[in-house]
Amino acid sequence: MALIVPDLPYPKNALEPHISAHTLEFHHGKHHKAYVDNGNKLLAGTGLENQEAEAIIKQVAGDASRIGIFNNVAQAWNHSFLWKCMKPNGGGRPTGAVAQKIDADFGSYEKFAEELKNAGVTQFGSGWAWLVLKDGKLSVMKTANADTPIAHGAKPLLTVDVWEHAYYLDYQNRRPDYLQTFIDHLINWDHVNSLL
Ligand code: MN
């Protein structure tokens, strides 16, 4: 199946005042769409075009001759995942299974929140911060540019985009403030629980 840009799971202004409709118009309507359009162009005729994005990512990861496919397909997948990681009136302490697993694997919610924020703040340049499940254990990781935990044998549970296009219109250079707001007001813990 060809890559697609899924509809946002909420109206474009639903995450205000934390993320503006203006940001989502560009982020979802322009940036995400460009990765999908470029990915579909690069996939055409390769024999990969009928596969799921996750399968394509695993096959082309680390192959320098197919870096363009990796970058665009991984960014298409990362963004489709990102929209589901946020919701209006989200964030704060989780409930359900993930709450217990965070306490078990990080020691406390506060420790998890600190690690996620720190991963996003210290990702030099463009990239992503993640909560992942690997070998039955939760951990935080960061990836550069299009890179994704899928290429590293880890299961993504949550992501926050730290490319400037994700926050610059609303937060300018204040990436730490954007990350704190994401943690306190935007995380969709229902989505995370559905993946555990
Ligand atoms: Mn983005």
Side-chain angles (χ1 to χ4, degrees), residues 2-43 53-54 56-57 60-61 67-88 90-91 116-132 140-152 154-188 191-192 195:
L3 304 172
I4 57 155
V5 182
D7 290 340
L8 289 172
Y10 30 73
K12 280 207 171 64
N13 63 357
L15 303 182
E16 292 184 342
H18 310 300
I19 292 182
S20 65
H22 193 48
T23 288
L24 284 184
E25 270 167 33
F26 277 90
H27 198 182
H28 177 261
K30 307 284 186 195
H31 291 277
H32 190 177
K33 184 175 186 301
Y35 297 126
V36 164
D37 290 347
N38 290 331
N40 283 330
K41 273 184 213 154
L42 291 167
L43 286 169
E54 286 189 59
I56 298 170
I57 289 165
V60 305
I67 186 69
I69 291 176
F70 179 83
N71 283 339
N72 285 284
V73 176
Q75 281 295 78
W77 190 93
N78 291 345
H79 283 89
S80 292
F81 187 73
L82 170 68
W83 310 132
K84 294 185 282 192
C85 290
M86 299 185 285
K87 71 170 190 178
L116 184 68
K117 182 177 179 180
N118 189 50
V121 168
T122 59
Q123 172 53 43
F124 186 77
S126 297
W128 302 79
W130 305 83
L131 174 67
V132 302
V140 163
M141 67 185 287
K142 56 185 176 181
T143 59
N145 300 315
D147 199 12
T148 180
I150 295 168
H152 302 279
K155 178 178 177 171
L157 299 178
L158 171 71
T159 195
V160 52
D161 186 345
V162 296
W163 285 60
E164 285 188 347
H165 67 223
Y167 62 87
Y168 215 84
L169 294 174
D170 298 325
Y171 296 85
Q172 294 78 49
N173 62 319
R174 293 177 289 113
R175 190 192 284 191
D177 291 351
Y178 157 71
L179 284 157
Q180 192 64 52
T181 299
F182 183 94
I183 291 165
D184 291 340
H185 300 288
L186 293 171
I187 293 174
N188 182 354
H191 180 242
V192 179
L195 296 170

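Both ligands and their constituent atoms are indexed starting at 1 by order of listing.
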* Does a donor on one side chain sit under 3.5 Å from an acceptor on the other, for H32 and W83? -> yes
* Sort and list the pairs that fulfil side-chain hydrogen bond (donor to acceptor under 3.5 Å, both in side chains) and have at least one residue in residues 5-16, not counting sequence neighbours. => none
* Flag, side chain of N71 to backbone of A146, donor-acceptor distance under 3.5 Å -> no
* Mind checking ring-ring contact (aromatic ring centres under 6.0 Å, His included) for F70 and listing every partner two or more places apart, or none if nothing turns up? => none
* Report the residues that fulfil ring-ring contact (aromatic ring centres under 6.0 Å, His included) with Y171, sequence neighbours left out, ordered by chain and then residue number. => Y178
* Taking the Mn ion (ligand 1) as the center, what protein N, O or S atoms are found at less than 2.8 Å? -> H27 NE2, H79 NE2, D161 OD2, H165 NE2
* Mind running side-chain hydrogen bond (donor to acceptor under 3.5 Å, both in side chains) on T148 and W128 for me, showing each step along the way? => CA-CA 8 Å; T148 180; W128 302 79; over 6 Å; no
